[in-house]
Each structure stands twice: as C-alpha cells, then as structure tokens.
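Just so we're clear, the structure is a prediction, and the values are computed from it rather than from any experiment.
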Amino acid sequence: MTRVVTTVEDLRAVVAEWRGAGELVAVVPTMGALHAGHLHLVQAAKERADRVVVTIFVNPAQFAPHEDFDRYPRTLETDVAALRDIGAELAYAPTAADMYPSGHATSLAVTGPAEGLETDFRPHFFGGVATVVAKLFLRVLPDLAFFGEKDYQQLLVVKRMVADLDMPMEVVGVPTVREEDGLALSSRNAYLSEEERMLAPLIYAELQAAAERIVAGDNPEEVAAASAAALTRAGFAVDYVAARNAETLAPVRKAGEPVRLLAAARIGNTRLIDNIGV
Ligand code: PAF
C-alpha cells in the first residue's frame, strides 16, 4: 500500500511518526512519469533507509516558457501503482499552488557545477531545480536523498547545494539505467517517434567510443568535438558533447583527472541528455 499525501502537514505527520520510531528516512525526488530508472532509485533508497518518500511534482520553475511543461507526461495513478508494487510507503504529490503560493518570492541562485553545459541552453533550469529540491528537502527533512547519474550535472548541483547550505543529509548518486540498446531511460523517451527511437541509442554509443579514445590517450576536447560532429552527421541537433572534470565539471586541464563525458542533443522535438564516466 502506497499512501499519497498532498499537503505538507500530512507529509510531516507521517515522517514525524517514522522519526519518532528512530527510523532512517530517504527521499527520491521525481517529476512522476515513473520508469524503471526511477524505481531503481527507490530500490537503492530502500537498501539504505527504513522508509522512502517519493516526491512527484512537475516543477514549473525549471521549465522555460517555450519548453515542454504543458506536455510533460502526468501519470499519477500508474506512478502510484508502480510504487505500490515495489513497496514504497509514501508518495508526496503537492500542487503547484502549495509549492509556490501567491507571493512566493525566494529562489536559489547556483553557480560552480551549474555553470555551462545545460545552463548554456537552459539558463533557468538549475535555479528552478535547486529551489524546488531545497523546498522538498525542508519539507521532508530526509537523512538521505537519491538522484540518478543520468542527470549528472543536476546531481553535482544538488550535492553542492546540500554542502553549501549545511543541510544535515547525504545525497546519493545512482548509476543510469539503460534500455538493452543503451538508451538511457528518461520520461522524455515517450516523445520519440519509432524512427527517432532507433536513432536515439547513438548518443550512448558515441559516448562509449569517445571514452575509449580518451583512455587510449587522445585529447579529450578533440574527442568530444569529433563525437559532436558524428552525432550531427547522423541527424542530431547537438547542444554539446563535452569532456569535463568528473567532480567539478570544469574543463579537463591535465592527465590523470577523473573525466566525465556529457552530451545533450535533440532529435526532432525531443531533447536527450546522457553521460558516462571515462
Ligand atoms: O530530475 C528530476 O526529475 C527533477 O529535476 C527533480 C530533481 C525532481 C526536481 O524537480
């Protein structure tokens, strides 16, 4: 049985009961449209915590006016059924009016790992993510929070925020779940036509090939540029393919640095992102 609460009062009452019993509480923030990647996060949370809260909220603050906020899939009923099947006790699904009541005037500004990459194309994005995630953390007061490595830059931004704001909790990154052909699971994959779906795994294939070339000693920036060109030739509109320091996302400066390869590219109207460690 998965209980669904929509008010912060109900959420806090349940979590307070758990805390009173000395239980460790984890949160998995999502925008719903849950797929196997989200459920994998919940399983990872269940392994570390006694209780798991899954938040489901399509956050208007992280979408620009021209983006897909209106058509973003909203599937609360099937989401709750999926959570019930894997034994997640609590779903918290606030309304936008509850999260951002009239007069709401405070939001977070993030730099560091938020600079460049996604921010070059979605300048509003990480401010919106950090604001809602901070609010969710303050509402749940979890010991642990689980995020997918699929959104690697987001994971680093949230880790930085938790450290900078002295939030007494741990942020855990969970490896990306992929389809058999390598495509990273994403709620936005549902937008792909049959033809686009066949092309989509090429992003991961290019990242893998690029990682191999970097390991073999090729220059990371040149390798990333060659991958971007290959994706463009295949029909993608490439926002970026970049080799960055895996901890800071700063450009790679010297041999031996931990490297992460990150990519964002559009097929038709769908924007996909992916990344891998080198
Ligand atoms: O990754 C997401 O689904 C969202 O950016 C998040 C973390 C739930 C914040 O709205």
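- The pair Asp143-Arg19 meets the salt-bridge criterion, with a side-chain N (NZ, NE, NH1 or NH2) lying under 4.0 Å from an Asp/Glu carboxylate O.
- Ring geometry for Phe63 against Phe69 counts as perpendicular: the plane angle is over 60°, on a 0 to 90° scale with 30° as the lower cut.
- Atoms NE2 and CD, from His124 and Glu118 in turn, are 9.5 Å apart once rounded to the nearest 0.5 Å.
- Both tests do not hold together for Arg271 against Phe125: distance to the six-membered ring centre under 6.0 Å, angle to the ring axis within 45°.
- Val177 places none of its side-chain heavy atoms less than 4.5 Å from the side chain of Leu39.
- Listed by first then second residue, pairs satisfying ring pair (Phe, Tyr, Trp, His ring centres under 6.0 Å) with a partner in residues 144-164 number zero, not counting sequence neighbours.
- Tyr72 and Arg188 share no side-chain donor-acceptor pair at under 3.5 Å.
- Under 3.5 Å, the side chains of Tyr191 and Glu196 contain no donor-acceptor pair of N or O atoms.
- Judged by distance alone, the side chains of Asn59 and Tyr100 do bring a donor and an acceptor atom under 3.5 Å apart.
- Salt-bridge check for Arg197 with Asp181: passed, with a basic side-chain N closer than 4.0 Å to an acidic carboxylate O.
- Two residues are said to be in side-chain contact when any heavy atoms from C-beta on lie closer than 4.5 Å; Val8 and Tyr92 meet this criterion.
- Side-chain contact between Leu24 and Leu144 is present, with heavy atoms from C-beta onward closer than 4.5 Å.
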